[in-house]
Amino acid sequence: MTPFLRKAEEILEIAATGGNHVTDAAIVLDRQGGFRMLDPSGWSLPGLAAEWGAAAVYRIEHRGDSVRVEGWDGASRCLLQKTRSAARLRNLLGTPVLQAIS
């Protein structure tokens, strides 16, 4: 597995375990290993890469009970999707999952 795809899987795992407050985001990785999180509205992945000089870019999208991560590094593209943790538990139990409000 390539580091590009491994990073997409890591991002998907983190995004899928987030609570309902999680929003869509773009993650831009630079060539030195640093990253930025941005609002992806109006941007294509190649556009973000060009604007920020990125080695790779990833877009996180929430769609109902699913989370999608799309990645692009100039040579490869990936799209991964997963059902969020609370939704998987709710589907297994057949009941709503209660969440604590702090």
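Residues Val67 and Leu5 share a single hydrophobic cluster, defined by chaining ILVMFWY side chains whose heavy atoms lie under 4.5 Å apart.
Rounding to the nearest 0.5 angstrom, the gap separating the CZ atom in Arg68 from the CG atom in Leu79 is 4.5 Å. How far CE of Met37 is from CG of Asp39: 10.5 Å, rounded to the nearest 0.5 Å. From Lys7, atom NZ reaches atom CE of Met1 across 13.0 Å, with rounding to the nearest 0.5 Å.
Trp72 approaches Pro46 most closely through the heavy-atom pair CZ3-CA, 3.5 Å. The shortest non-hydrogen separation linking Lys82 to Ala16 is CD-CB, 4.0 Å. Heavy-atom minimum distance, Ala25 versus Pro40: CA-CD, 3.7 Å. Across every non-hydrogen atom of Gly53 and Arg31, the tightest pair is O-NH1, 2.8 Å. Considering all non-hydrogen atoms of both residues, Gly47 and Ser44 come closest at N-OG, 3.0 Å. When all heavy atoms of Ala26 and Leu48 are compared, the closest pair comes out as CB-CD1, 3.6 Å.
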task: Kindly determine whether Glu10 and Glu13 satisfy side-chain contact (heavy atoms from CB on, under 4.5 Å), including the steps that lead there.
output: CA-CA 5 Å; Glu10 291 171 3; Glu13 287 300 317; 5.9 Å; no
task: For side-chain contact (heavy atoms from CB on, under 4.5 Å), just list the numbers for Leu45 and Arg59, CA-CA rounded to whole Å, side-chain angles, deciding distance to a tenth of an Å, and then say yes or no.
output: CA-CA 7 Å; Leu45 295 181; Arg59 178 189 337 261; 3.7 Å; yes
Trp43 vs Val57, side-chain contact (heavy atoms from CB on, under 4.5 Å): CA-CA, chis, key distance, verdict: CA-CA 11 Å; Trp43 287 97; Val57 291; over 6 Å; no
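Salt-bridge check for Glu9 with Arg6: failed, with every basic side-chain N at 4.0 Å or more from each acidic carboxylate O.
Between the Thr17 side chain and the Ile14 main chain, a donor and an acceptor come within less than 3.5 Å of each other.
Surrounding CZ of Arg77 are more than 12 heavy atoms belonging to other residues, nucleotides or ligands, all under 6.0 Å away.
Taking the six-membered ring for Trp, Phe4 and Tyr58 have ring centres closer than 6.0 Å.
Each of Asp24, Leu12, Ile11 was scored for a side chain to side chain contact (heavy atoms under 4.5 Å, CB included) with Ile60, with one residue passing: Ile11.
Looking only at side-chain heavy atoms (C-beta outward), Thr23 and His62 stay at 4.5 Å or farther from each other. Within the 4.5 Å cutoff, the side chain of Arg36 has no heavy atoms near those of the Ile27 side chain.
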